[in-house]
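In each ligand, atom 1 is the first atom listed, and ligand 1 is the first ligand listed.
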Amino acid sequence: MKISKMIQRAGTETAFEMLAKAKELERQGKSVIHFEIGEPDFNTPENVKKAGIKAIEENYTHYSPTQGILELREAVAEYISKTRDIKVSPDEVIITPGGKDVIFGTMLSLLDEGDEAIYPNPGYPIYESAIRFVGAKAVPMPIREENDFAFDRHEFEKLVTPKTRLIVINSPANPTGGILSYEDLEFIADIAKKNDIMILSDEIYSRIIYEGKFVSIASIPGMKERTIILDGFSKTYAMTGWRLGYAVANKEVIEALKRVAVNSFSCVATFVQMAGIEALRGPQDEPERMRKEYEERRNLIVQGLNEIPGFSVKMPKGAFYAFPNVKKVGKPSKELADYLLYEAGVCTLSGTAFGEYGEGYLRFSYATSKENIIEGLKRVKQAIEKII
Ligand SMILES: Cc1ncc(COP(=O)(O)O)c(C=O)c1O
């Protein structure tokens, strides 16, 4: 048997590998504090769960149109129009099984072999993986702490070539918690317009923001047509396991994404889509409560991490990740993550799980309880004091 070259080009998500290692330790009776997985520890709000159950009882258990149920696309169009300050219609929306699928769909729809796509590094690993999978060239855009986890404009400009077809941006960002300023977005928009480049704007953390108001690059004049907005329900509504997300894009791109969908998943589970309508149109106090709780946890973890010898961390502006600089500890990040798991029972991710520019950093997801944060930091501190 032979495994295709195409799938061998794809990468993976180390978070799931670290989780497996941690679970094995737990199976042996060891206690592990989990900071590795980027998923809310809250449960899906009751009103959304009830809407899903009701939909099953009402037999929303058949196929839906590939593009998604019209009422949900209307709800998404209304929501995006309101929150991004643009006018979106339901035929510019496609419903997908999670935001992740929009990444794959976009690469399959826009890139041919030999094309180039610029992506943030460190960044969500699926961007690079999906670009490489389709045979295009993945061009890393270094995201540096000294630029406040944005990018260096001069460095970025030099990455653009006549072969560049796509630029991926992610704000608020995984794994750094950085946010792109309006000026940064304008700079990228200018380059995109001048060079006829499309943007994949991953806005999955747009509701988990601690400073200022969220701005989408799609709201910059002339950019709506050039932008594929990726968003979804996993993070905002604690719905990771439901698998529900969407893309908003021009109709030509939507047609291509539909072609991907009809060849792979056909449609998203129909009762899950019905629950999505309730999430968007129902009361919004639960997402806000969760955001406030993340903010308190952020303050707690940042303070604690900065008290660990050899660690220093910037205050994340959004998402639920802290990305401490651990260069002074003097161990490669991956080795350090393994050391903390086996020595201290604390599961984190090496910054390199997000690309080579993540060396010297660890990612802590603070989508976990304050008790876990306090206990986890105590263990890390003790373990680091032994080696520094
Ligand atoms: C930056 C980013 N984009 C997209 C996703 C995908 O989310 P989902 O497929 O659960 O909607 C994640 C999940 O961790 C993420 O961190």
Side-chain angles (χ1 to χ4, degrees), residues 11-19 34-42 44 48 68 72 76 79 93-107 119-131 141 143 149 167-180 199-209 214 216-217 228-248 257 260-261 264-265 268-269 272-273 275-276 279-280 287 290 294 316-323 349 351 353-355 358 363-368:
T12 185
E13 248 191 278
T14 314
F16 291 102
E17 285 171 16
M18 280 305 271
L19 179 65
H34 292 270
F35 290 113
E36 75 281 17
I37 284 277
E39 105 161 314
D41 58 324
F42 300 108
T44 304
V48 179
L72 177 56
V76 169
Y79 170 71
V93 177
I94 182 166
I95 308 301
T96 56
K100 189 182 241 177
D101 200 79
V102 176
I103 301 173
F104 242 78
T106 299
M107 305 315 171
Y119 71 98
N121 185 323
Y124 187 50
I126 304 307
Y127 309 135
E128 178 183 352
S129 170
I131 296 166
M141 164 160 64
I143 302 294
F149 290 128
I167 298 169
V168 182
I169 58 174
N170 174 218
S171 174
N174 175 9
T176 63
I179 286 187
L180 294 174
I199 304 288
L200 171 60
S201 181
D202 184 341
E203 304 181 359
I204 199 96
Y205 296 104
S206 57
R207 292 274 288 277
I208 305 175
I209 191 161
F214 173 74
S216 170
I217 195 166
I228 298 152
I229 295 177
L230 173 166
D231 202 346
F233 297 75
S234 291
K235 318 288 175 179
T236 305
Y237 297 99
M239 289 176 71
T240 44
W242 294 71
R243 308 311 302 135
L244 187 62
Y246 52 85
V248 175
L257 291 175
V260 174
S264 52
F265 58 86
V268 172
V272 168
Q273 297 190 56
L280 286 175
M290 293 188 253
Y294 292 136
K317 295 175 183 157
F320 38 60
Y321 308 107
F323 202 58
L349 291 184
F354 303 91
R363 190 193 78 170
F364 285 69
S365 162
Y366 51 88
T368 185

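Taking only nitrogen or oxygen atoms, main chain and side chain alike, Glu13 does not reach within less than 3.5 Å of ligand 1. Taking only nitrogen or oxygen atoms, main chain and side chain alike, Leu230 does not reach within less than 3.5 Å of ligand 1. Where the criterion is an N or O separation shorter than 3.5 Å, residue side chain and backbone included, Tyr321 fails it with respect to ligand 1.
The backbone N or O of Val260 sits less than 3.5 Å from a side-chain atom of Ser264, completing a donor-acceptor pair. Under the 3.5 Å distance criterion, the side-chain polar atoms of Arg363 are left unmatched by any main-chain donor or acceptor of Thr176. Counting only distance, with no hydrogens or angles, the side chain of Lys235 and the backbone of Phe320 share no donor-acceptor pair below 3.5 Å. Glu128 contributes no side-chain N or O that, together with a main-chain N or O of Tyr119, makes up a donor-acceptor pair within less than 3.5 Å. A donor-acceptor contact shorter than 3.5 Å links the side chain of Ser171 to the backbone of Leu180.
At the shortest separation from atom 12 (C) of ligand 1 among protein heavy atoms lies Tyr124 CZ, 3.5 Å.
For the atom pair Gln273 CD and Tyr246 OH, the distance stands at 13.5 Å (nearest 0.5 Å).
Atoms of ligand 1 lying under 4.0 Å from any heavy atom of Asp202, numbered from 1 in the order shown and given with element: 1 (C), 2 (C), 3 (N), 4 (C). Interface atoms of ligand 1 facing Gly99, defined by a heavy-atom separation under 4.0 Å, are 8 (P), 9 (O), 11 (O). Residue-ligand proximity, Ser234 to ligand 1, at heavy-atom distances under 4.0 Å covers atoms 8 (P), 10 (O), 11 (O). Here is the list of ligand 1 atoms found below 4.0 Å of a heavy atom in Gly98: 9 (O), 11 (O). Against a heavy-atom cut-off of under 4.0 Å, Arg243 is close to the following atoms of ligand 1: 8 (P), 9 (O), 10 (O).
A distance of 6.0 Å or more separates the ring centres of Phe354 and Tyr321.
With a 4.0 Å cut-off on non-hydrogen atoms, Phe233 does not touch ligand 1 at all. Of the heavy atoms in Asn170, only side-chain atoms (C-beta onward) come closer than 4.0 Å to ligand 1.
Proximity of Tyr127 to ligand 1 is established by a heavy-atom distance of less than 4.0 Å. In this structure, Thr240 does not count as a contact residue of ligand 1, since none of its heavy atoms falls inside 4.0 Å of the ligand. Within the structure, ligand 1 has Lys235 among the residues with a heavy atom less than 4.0 angstrom away.
Side-chain contact between Asp202 and Tyr127 is present, with at least one heavy-atom pair separated by less than 4.5 Å. Contact annotation: the side chain of Tyr124 approaches that of Ile103 to within less than 4.5 Å [non-hydrogen atoms, C-beta and beyond].
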